[in-house]
Amino acid sequence: MWAWGCVERVAAGLLGGPLAGGGRWNTAVAVGVTAAAGLVVVAVVVSSRRGGLKSPWWRRRRKAPLTSQEWRGLFTPEGKLQDGGVKLVKKVRSGGIEPSIRALVWPFLLGVYSLDSSEAERDAVKAQNRKGYLLLRKHCLRKSAYSMEDSKQSTNKTAGVPEGGNSSEKGEESGCVSPVESEEVPKNPSVEEAISTEEGNPCLSTEQELQDDTSETKPEKMDDSQSSSSSSNEEESERSDVTHVETSRKDLASVCESSLEDEQESIPRYSRTGGNMDDIELSKAARPVKSTRAIEDFETWQRIIRLDAVRANDEWVSYSPSQTSVSREKAIESAKAVCLKDYEHLEPYRIYHASRLVAILEAYAIYDQEIGYCQGMSDLLAPLLAVLEEDDEAFWCFAGFMRKARHNFRLDEVGIRRQLNMVARIIKYKDFHLYRHLEMLQAEDCFFVYRMVVVMFRRELTFEQTLCLWEVMWADQAANRAGIAKSSWRRMRLGAPPTDDLLLYAIAASVLQKRKLIIESYSSMDEIIRECNSMAGQLDIWKLLDDAHDLVVTLHDRIE
């Protein structure tokens with residue numbers, strides 16, 4: 001306490017002189033000097049810790065991730081998160097999540113489950129979401145069947161082959177057997193057979209379709225023992241993983257020629273009315289986003305999805321041992337279920353991963369027809385598939401992720417331009433000298449970070465770093481979605497105001513970290529683009545998050 005010692009010596013000099021014998025004046029001086037000493041001490045402390053006060057995240061790199069034991073301790077006996085999820089959000093924002101429990105935590109962060117939901121409510125949501133995903137996959141199979149039939153007929157006409165002839169050979173040559181081979185599933189008819197046998201029959205109602213999708217086929221009458229056995233089998237089926245292969249087998253037996261209008265109303269659709277999955281109902285109340293695109297776009301999306309799926313890298317391998325050890329037979333079966341082609345050169349685990357990508361991305365293209373599919377979406381889905389082994393859960397987590405990210409893939413690029421403009425404003429307010437240099441290079445629109453914005457740092461960070469960044473970003477969004485930041489005391493507990501645009505602050509932070517190099521060495525935007533593209537594997541993710549939260553604390557009220 002050097003400052004305090006100085007003040008004491010000054011006070012002793014003032015009070016120890018000839019007038020030290022007493023008096024009100026001396027007492028007043030003593031009180032004043034003591035008060036001044038307190039102010040000096042506070043000033044010294046503030047000065048010595050200005051970096052800590054500037055950002056409450058200065059010690060975050062020392063924090064440990066959320067562990068399995070801590071995760072279990074966050075719940076009440078009723079299965080609800082304590083404090084409405086405040087402890088969960090705070091822990092994830094400060095240290096991330098232990099890999100072993102990511103599959104349990106992510107649905108909360110991505111809005112699949114509400115932060116204040118009970119275990120019973122989550123079970124109901126899970127069952128509803130499973131039904132919705134099965135309906136989406138069913139719709140994909142129908143579209144694929146009609147597309148295959150049209151293509152087959154046109155091919156036969158061109159080749160002069162009569163209708164119905166040589167179709168099996170063509171199917172074998174293409175590597176796609178309708179989408180599941182009849183030899184493998186003898187009891188289930190092909191798509192064409194299922195459609196033809198149900199001609200003239202009224203279509204099932206929505207409730208009947210959902211029941212058929214989620215339960216085993218059973219006779220109309222059964223005795224008590226058969227009923228209880230069937231019930232237990234259904235419960236086991238609910239708990240089992242839902243894969244695209246299982247979905248295909250169940251759907252092929254129940255495909256019917258329902259009108260497009262009825263089908264449009266029964267399957268789940270993206271809705272702008274809410275941010276959580278429970279806002280999306282399988283009813284006419286959940287109006288789909290109207291799309292101006294032609295029906296043929298789905299075929300285009302399918303083609304691009306398959307190309308991207310086969311090209312997907314295998315960074316995720318070490319994070320999913322169960323998927324890595326998949327047999328070649330199972331991998332090929334999954335590929336045929338989604339009509340995947342040109343996969344013979346891939347290892348079994350990559351074939352299986354590509355098949356899952358196709359199944360979920362196709363379902364999303366039906367779910368959100370305004371966006372459909374654009375290249376780059378597979379980059380966002382791949383990390384989720386590495387952690388989430390159930391296709392229906394992976395789909396709804398992806399849909400929750402895309403609620404924010406979908407604006408990156410709009411054809412008019414309005415969302416991209418808004419985000420680039422926000423990055424530019426952050427840089428301008430934080431470092432005007434750097435911004436002026438960007439203006440001189442005609443790079444003030446920050447187009448050089450375009451790729452970072454679109455695929456959310458996916459190609460600039462390692463796989464683990466990407467997961468860490470996204471988890472913190474999702475925690476911020478979950479806090480805002482639940483209204484946690486609205487309470488002043490809760491905001492104090494979180495340490496900094498949550499923001500839906502943490503990614504943009506992180507992107508701006510990565511540019512600011514290179515400010516000296518940009519100002520002194522670069523004379524064109526192309527050079528800056530090359531620098532940004534070369535950041536892959538060179539960024540310290542927790543230092544980047546430190547700087548990003550520093551920017552949030554400093555500029556949040558001016559930017560947002």
Side-chain donor/acceptor of [X] to backbone N/O of [Y], under 3.5 Å:
{"X": "Q323", "Y": "L385", "result": "yes"}
{"X": "Q82", "Y": "G73", "result": "yes"}
{"X": "R410", "Y": "E370", "result": "no"}
{"X": "S378", "Y": "A309", "result": "no"}
{"X": "R406", "Y": "D368", "result": "no"}
{"X": "R481", "Y": "L115", "result": "no"}
{"X": "H437", "Y": "Y522", "result": "yes"}
{"X": "R137", "Y": "A359", "result": "yes"}
{"X": "T554", "Y": "L551", "result": "no"}

Quick check for you: to the nearest 0.5 Å, what is the distance between [X] atom [atom1] and [Y] atom [atom2]?
{"X": "M456", "Y": "N408", "atom1": "CE", "atom2": "CG", "answer": "5.0 Å"}
{"X": "M377", "Y": "I371", "atom1": "CE", "atom2": "CD1", "answer": "7.5 Å"}
{"X": "L346", "Y": "D314", "atom1": "CG", "atom2": "CG", "answer": "10.0 Å"}
{"X": "C532", "Y": "R530", "atom1": "SG", "atom2": "CZ", "answer": "11.5 Å"}
{"X": "L136", "Y": "D392", "atom1": "CG", "atom2": "CG", "answer": "11.0 Å"}

Smallest separation among heavy atoms of [X] and [Y], with atom names:
{"X": "M525", "Y": "D445", "answer": "SD-OD1, 4.2 Å"}
{"X": "S320", "Y": "A386", "answer": "CB-O, 3.2 Å"}
{"X": "L555", "Y": "K430", "answer": "CD1-CB, 4.0 Å"}
{"X": "Y352", "Y": "S334", "answer": "CD1-OG, 3.6 Å"}
{"X": "H556", "Y": "T499", "answer": "CD2-CB, 4.3 Å"}
{"X": "I427", "Y": "C446", "answer": "CD1-SG, 4.0 Å"}

Counting neighbours of [atom1] on [X] that are heavy atoms of other residues, nucleotides or ligands and sit closer than 6.0 Å, is the number greater than 12?
{"X": "H345", "atom1": "NE2", "result": "yes"}
{"X": "E344", "atom1": "CD", "result": "yes"}
{"X": "R417", "atom1": "CZ", "result": "yes"}
{"X": "Q69", "atom1": "CD", "result": "no"}

Look at the rings of [X] and [Y] and say which category their plane angle falls in: under 30° parallel, 30 to 60° tilted, over 60° perpendicular.
{"X": "W474", "Y": "W106", "answer": "perpendicular"}
{"X": "F398", "Y": "F401", "answer": "perpendicular"}
{"X": "Y349", "Y": "W316", "answer": "perpendicular"}

Taking 4.0 angstrom as the limit, do [X] and [Y] come out as a salt bridge?
{"X": "K90", "Y": "E70", "value": "no"}
{"X": "R130", "Y": "E390", "value": "no"}
{"X": "R102", "Y": "E471", "value": "yes"}
{"X": "K428", "Y": "E439", "value": "no"}
{"X": "K404", "Y": "D500", "value": "no"}
{"X": "R311", "Y": "D342", "value": "no"}
{"X": "E389", "Y": "R356", "value": "no"}

Y133 side chain to E393 side chain, donor-acceptor N/O pair below 3.5 angstrom: no

I332 and Y343, any side-chain heavy atoms less than 4.5 Å apart: yes

Got D476 and N480 here, is their nearest side-chain heavy-atom distance under 4.5 Å?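 No - every pair of side-chain heavy atoms lies 4.5 Å or more apart.
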
Residue that, paired with I305, satisfies side chain to side chain contact (heavy atoms under 4.5 Å, CB included) out of I360, V310, V358: V358

Tell me which one of V454, V455, L461 satisfies side chain to side chain contact (heavy atoms under 4.5 Å, CB included) with R458.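 Output: one option passes, namely V455.
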
Validation row, ring centre W396 to ring centre Y367 under 6.0 Å: yes

Residue set satisfying salt bridge (charged side-chain N to carboxylate O under 4.0 Å, His left out) with R515, at least two apart, ordered chain then number -> D431

Worked check of salt bridge (charged side-chain N to carboxylate O under 4.0 Å, His left out) between D547 and K543: CA-CA 6 Å; D547 293 346; K543 175 64 168 62; 2.7 Å; yes

Among Y319, W470, F457, which one satisfies ring-ring contact (aromatic ring centres under 6.0 Å, His included) with F463?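 Result: among Y319, W470, F457, Y319 is the only option passing the ring-ring contact (aromatic ring centres under 6.0 Å, His included) with F463.
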
Taking it one step at a time, do T76 and E78 satisfy side-chain hydrogen bond (donor to acceptor under 3.5 Å, both in side chains)? CA-CA 5 Å; T76 65; E78 294 77 24; 3.2 Å; yes

